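Take a look at the structure set out below.
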2 protein chains.
Amino acid sequence: MKLLVVEDDPDLRRQLVTSLSGRGYTVEETGDGEEALYLGREFPYDLAIVDLGLPSLSGVDVIRRWRAEDKEFPILILTARGDWQDKVEGLEAGADDYLVKPFHMEELAARINALLRRAAGHAKPKLSFGPLTIDTVGRVVHRNGEVVSLTSFEYRTFEYLVLNAGKTISKTELTEHLYHQDYDRDSNVLEVFVRRLRQKLDPDQDLQPITTVRGLGYRFDLPVDSDSK
Amino acid sequence: MKLLVVEDDPDLRRQLVTSLSGRGYTVEETGDGEEALYLGREFPYDLAIVDLGLPSLSGVDVIRRWRAEDKEFPILILTARGDWQDKVEGLEAGADDYLVKPFHMEELAARINALLRRAAGHAKPKLSFGPLTIDTVGRVVHRNGEVVSLTSFEYRTFEYLVLNAGKTISKTELTEHLYHQDYDRDSNVLEVFVRRLRQKLDPDQDLQPITTVRGLGYRFDLPVDSDSK
DNA sequence: TGGGCCTTTCAGCTTTATCTCAGCCTGAGT
DNA sequence: ACTCAGGCTGAGATAAAGCTGAAAGGCCCA
């Protein structure tokens, strides 16, 4: 699950990012309206959290323009205590929910959950590939209906591969995504995780969901069942 | 895909090169403005990453002069956190996007992708030729819907030929592109790879996608389907 | 403080992509 | 038709890339 945090106050932003990534979300951040616009336009977020009180391009404008371009991800807006007018404006512009500062992280988390769950109805947070199913909201993987118990790391590795199904993902890209930092070439953690994933997802080795492309990376290759229900 | 990295800080430069080449790009690098100018002028890069804070010839000047000479490759500039103004100047000089240091490699990669995609013809970076399809982002080739399993080298060879479809590419050019440095002319590796490519792409020999031009090189010849949708 | 699980490291092993080589084929120029 | 440089082909060597099992290191929670 990939979130975008748009907040100009560096402290609050850091706090948001820390808390949310601690809860297992992949979080990207910006403090700039223009950049937010760009990011939301180019990348597939599952949800955006937008502070309305941005300098330069205002949060409301950002939202309006995303919506004008048919970006459908849920948007949660943050407003300062007094400014309820902003809130109305924001909702009219296309936001889905709001939260007044200051707030508890718990509450934010709860609303994010609710929004994602609701969005799940429209979108398709559950993907299936033959006997495999991944629920990106619940962060659960099923195999023939049974839960496959994955560790956090295994799950995130798998999720990234699945979300990029059909593409070859280099190990560098994968590790950078998982760790958000440089890739230590002399480690083979990834290989170990891929191995464990393969064992857990496909103990009988009949599906071979993850292909190794020597010299390039890994690729998740099963066809997506279009059971958008 | 060939990128040029222009960055004077040795650490950051190494990091960039490592990460990007790890992601499968062919990367060349320099820390010097003059040299950057020369390289960009002489070689056909698909994209350049330029740090604006260069010593001697400044990044902005390099860009300006490239653009004055009608070099069209996308340019992404890097600026230090504070230097807002530089960014504007850089964009005016002809850069296409910017990123403020420090940044995550993942974000850089995402922007590079977006720029390359945009440059490629606005649509998806997927090209097809009759039964053949190449996805330059996912680094996958399909033939009648089935994945053609190419090795890293085979893929890069094919990609280069495809991106230069219609042009005859000399073996020297190909090898120089594929290997960052000079290459032993007495080897016939290329021929070997071209052979394997032909076998894999066209086992029945009915398409003949790669033509040999005796004494000159190779040419990829299938008409590009304009499936820009 | 101790136990359990998750993550990372390590060393040895297997696989295979790349490159070399030697001989064969082909076609342009005589 | 003959020549010969340029290109093609198949088989094999080799070293890099990836895999594996076990064990060490961390972290969290009781």
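Note that this is a predicted model, so its numbers are computed, not measured. Order of the sequence lines sets the chain letters (A, B, ...), proteins ahead of strands, with each chain counted from 1.
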#### Entry: A/R156 charged N/C atom sitting above A/F153 aromatic ring, 6.0 Å / 45°
yes
### Message
Are there over 12 heavy-atom neighbours, none belonging to A/Q199, within less than 6.0 Å of that residue's CD?
### Response
yes
Distances under 3.5 Å only, N/O to N/O: pair up the protein atoms with those of nucleotides 13-18 of chain D.
residue : atom : partner : partner atom : Å
D/dA17  : N3   : A/R214  : NH2          : 2.6
D/dG18  : OP1  : A/G215  : N            : 3.2
D/dG18  : OP2  : A/K171  : NZ           : 2.9

### Message
What's A/V194 touching, base or sugar-phosphate or nothing? Going by heavy atoms closer than 4.0 Å.
### Response
nothing
### Query
Counting heavy atoms not belonging to B/E146, are there more than 12 under 6.0 Å from its CD?
no
### Query
Could you state the CD-P distance from B/Q199 to D/dA11, rounded to the nearest angstrom?
11 Å
### Task
Determine: side-chain N/O of B/Y179 to OP1/OP2 of C/dC19, distance under 4.0 Å, yes or no.
yes
### Task
Ignoring backbone atoms, test whether B/S187 places a side-chain nitrogen or oxygen under 4.0 Å from the OP1 or OP2 oxygen of C/dC19.
no
### Query
Checking side chain to side chain contact (heavy atoms under 4.5 Å, CB included) against A/P74, which of A/D97, A/L47, A/D46 comes through?
A/L47
### Query
So do A/V213 and A/Y218 actually touch side chain to side chain, heavy atoms under 4.5 Å?
no
#### Entry: Candidates C/dA22, D/dT20, C/dC19 - which lies nearest the side chain of B/F193
C/dC19
### Query
Taking NZ from B/K200 and C1' from C/dT18, how many angstroms apart are they, rounded to a whole number?
12 Å
### Task
Mark yes or no: B/R139 above the aromatic ring of B/Y25, with NZ or CZ under 6.0 Å from the six-membered ring centre and no more than 45 degrees from the axis.
yes
#### Entry: Value in whole Å for how far the C1' atom of C/dT9 lies from CG of A/L190
14 Å
### Shortest side-chain distance from B/S152, nucleotide among C/dC19, C/dT18, C/dT8
C/dT18
### Query
Does NZ in B/K167 sit with more than 12 non-hydrogen atoms of other residues, nucleotides or ligands closer than 6.0 Å?
no
#### Entry: Out of C/dT7, C/dT20, D/dT20, whichever nucleotide has its closest atom nearest the side chain of A/V192
D/dT20
### Summary
Regarding the side chain of B/N188, the nearest nucleotide among C/dT8, C/dA22, D/dT20 is C/dA22
### Query
Is any side-chain nitrogen or oxygen of B/T151 closer than 4.0 Å to OP1 or OP2 of C/dT18?
yes
